[in-house]
Participant: 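Dropping a structure here in structure tokens format, bear with me for questions.
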Amino acid sequence: MPSEANSRVVSSFIDYLKVEKGLGALTVSAYTRDIGQFAAFLDRSKRTLMNARRGDVRGFLQQLFSNSVDGRSVARKLSALRHLYRFLLLDKRVDRDPTLNIPTPKQWKVLPKSLAREEVETMLRADISQRGKASEVLAIRNRAMLEVFYAGALRVSEITSLKLEDVKLDMGYVLVRGKGDKERIVPVGRSAQEALTRYFRDARPKLAAGKSSPFLFIARGAKKLTRQRVWQMVGIASSSAGRHASPHMLRHSCATHMVENGADLRTVQTILGHSDIATTQIYTHVALDRLKSVYAKHHPRAKAR
């Protein structure tokens with residue numbers, strides 16, 4: 001951080017994000033990094049975060065574009081600055097917001113990569129049979145994790161933090177704690193329920209080896225699974241389908257396939273845990289594609305006579 005004054009501002013803002021907003025470590029780290037870049041930019045003109053002007057913000061964004069930073073990243077950095085100055089205004093530490101009336105950089109709404117339904121089926125079938133590379137116990141656990149990933153469109157941090165008490169198999173849902181420690185109920189279908197039942201019966205007791213753990217999915221010795229290990233597991237499993245997938249691709253695959261099958265965006269928003277429907281609207285074109293196909297099939301004037 002280029003100055004002591006900026007350090008104090010950022011420190012109090014970080015406390016606000018952690019304590020009052022309840023944001024996770026990765027999100028807080030991203031905010032800190034983005035604001036740090038702006039503070040370094042201001043330092044060249046002997047200005048600080050507290051006396052920054054709208055021209056400074058515009059200059060910072062222009063510099064980012066000049067350095068070939070993509071629109072999504074620029075928009076994220078602008079969002080971080082907006083949150084900072086909203087906090088400073090509420091705290092009455094500044095009397096104006098330099099990000100006011102600065103439009104968000106235009107960015108294409110690109111649908112995240114997802115697997116085809118056939119690829120997901122291949123991945124789920126193949127993982128349980130790879131007993132030469134992993135023990136049957138680990139294969140059963142991995143299969144259950146993949147099923148829950150796909151069934152509930154979970155983030156990798158959400159699946160590693162799932163607890164035994166969060167699983168309500170008899171009712172067909174799990175309680176998920178997402179970003180900002182927000183809770184949501186996510187339904188899981190019969191396939192995921194059956195995979196979890198087998199995991200509870202044939203794998204988890206052997207992995208725990210007499211030790212206790214509050215977490216649903218565990219490593220040997222009842223140790224908590226790391227995010228890196230889960231990424232590795234998903235990558236190995238997806239290679240059987242001919243593609244290297246990430247946990248996030250499984251999340252987007254679930255959402256895409258639901259929309260393709262007729263789910264409305266509000267339902268998808270609830271399952272994904274998006275606080276704003278605008279975030280879910282990246283799936284709009286999937287819904288429109290389905291709408292056009294249904295229209296072409298059923299409207300009496302849609303086809304040439």
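Every heavy atom of this structure was used, including side-chain atoms; hydrogens, water molecules and symmetry mates were not. Quantities reported herein were computed from a predicted structural model and do not represent experimental measurements.
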Participant: Check the angle between the aromatic planes of Tyr16 and Phe13 and answer parallel, tilted or perpendicular using the 30° and 60° thresholds.
Facilitator: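 The arrangement is parallel - the two ring planes meet at less than 30°.
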Participant: When rounded to the nearest 0.5 angstrom, what distance separates OG in Ser246 from CG in Leu115?
Facilitator: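 Interatomic distance, Ser246 OG to Leu115 CG, rounded to 0.5 Å: 8.5 Å.
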Participant: May I ask you to check whether Asn261 and Arg117 show a side-chain donor-acceptor distance below 3.5 Å?
Facilitator: yes
Participant: Looking at CE of Met249 and OG of Ser238, how far apart are the two atoms once the value is rounded to the nearest 0.5 Å?
Facilitator: 7.5 Å
Participant: Which atom pairs, one a donor and one an acceptor, fall under 3.5 Å between side chains of residues 79-98 and the rest of the protein, sequence neighbours left out?
Facilitator:
residue	atom	partner	partner atom	Å
Arg82	NH1	Thr104	OG1	3.0
Arg82	NH2	Ile102	O	2.2
His83	ND1	Ser79	O	2.8
Tyr85	OH	Leu49	O	2.7
Arg93	NH1	Ser12	OG	2.9
Asp97	OD1	Thr99	N	2.9
Asp97	OD1	Thr99	OG1	2.7
Asp97	OD2	Thr99	OG1	3.1

Participant: First locate atom OG of Ser253, then atom CE of Met123, and finally report the distance between them rounded to the nearest 0.5 Å.
Facilitator: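 Taking OG in Ser253 and CE in Met123, the distance rounds to 7.5 Å.
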Participant: Go through the structure and list residues passing side chain to side chain contact (heavy atoms under 4.5 Å, CB included) with Glu194, not counting sequence neighbours.
Facilitator: Arg190
Participant: Using distance only, find each side-chain donor-acceptor pair of residues 218-228 under 3.5 Å and give its atom names and separation, not counting sequence neighbours.
Facilitator:
residue	atom	partner	partner atom	Å
Arg220	NH2	Ser135	OG	3.3
Thr226	OG1	Arg229	N	3.1

Participant: Quick one: side-chain hydrogen bond (donor to acceptor under 3.5 Å, both in side chains) partners of Thr267, sequence neighbours excluded?
Facilitator: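 Counting only residues at least two positions away or on another chain, Thr267 forms a side-chain hydrogen bond (donor to acceptor under 3.5 Å, both in side chains) with Asp264.
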Participant: Residues two or more places apart in sequence or in another chain: which of them pass side chain to side chain contact (heavy atoms under 4.5 Å, CB included) with Arg177?
Facilitator: Glu165, Asp166, Leu175, Asp181, Glu183
Participant: Hey, could you give me each pair passing ring pair (Phe, Tyr, Trp, His ring centres under 6.0 Å) that has a residue in residues 155-211? Not counting sequence neighbours.
Facilitator: Tyr199-Phe217
Participant: May I have the step-by-step check of side chain to side chain contact (heavy atoms under 4.5 Å, CB included) for Arg251 and Leu272, ending in yes or no?
Facilitator: CA-CA 8 Å; Arg251 174 174 163 83; Leu272 291 176; 3.8 Å; yes
Participant: Got a sec, which pairs hit ring pair (Phe, Tyr, Trp, His ring centres under 6.0 Å) with one end in residues 137-165, sequence neighbours left out?
Facilitator: Tyr150-His257
Participant: What pairs of residues pass the side-chain hydrogen bond (donor to acceptor under 3.5 Å, both in side chains) test when at least one of them lies in residues 200-209, not counting sequence neighbours?
Facilitator: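 Found none.
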Participant: Pair Val10, Arg8 - check side chain to side chain contact (heavy atoms under 4.5 Å, CB included), show working.
Facilitator: CA-CA 6 Å; Val10 174; Arg8 289 195 297 269; over 6 Å; no
Participant: Apply side chain to side chain contact (heavy atoms under 4.5 Å, CB included) to Ser29 and list each qualifying residue two or more places apart in sequence or on a separate chain.
Facilitator: Arg33
Participant: Only distances under 3.5 Å count here; give the side-chain donor-acceptor pairs of residues 57-66 to other protein atoms, sequence neighbours excluded, each with its distance to 0.1 Å.
Facilitator:
residue	atom	partner	partner atom	Å
Gln63	OE1	Arg44	NH1	2.9
Ser66	OG	Gln62	O	2.9

Participant: I'd like to check the side chain to side chain contact (heavy atoms under 4.5 Å, CB included) partners of Gln269; sequence neighbours left out, ordered by chain and number.
Facilitator: Arg266, His274, Ile277, Thr280
Participant: With sequence neighbours left out, write down each residue that passes side-chain hydrogen bond (donor to acceptor under 3.5 Å, both in side chains) with Glu147, or none if nothing qualifies.
Facilitator: Arg143, Ser191
Participant: Closest heavy-atom contact between Arg53 and Asp56?
Facilitator: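 So the minimum-distance heavy-atom pair works out to N-OD2, 2.8 Å.
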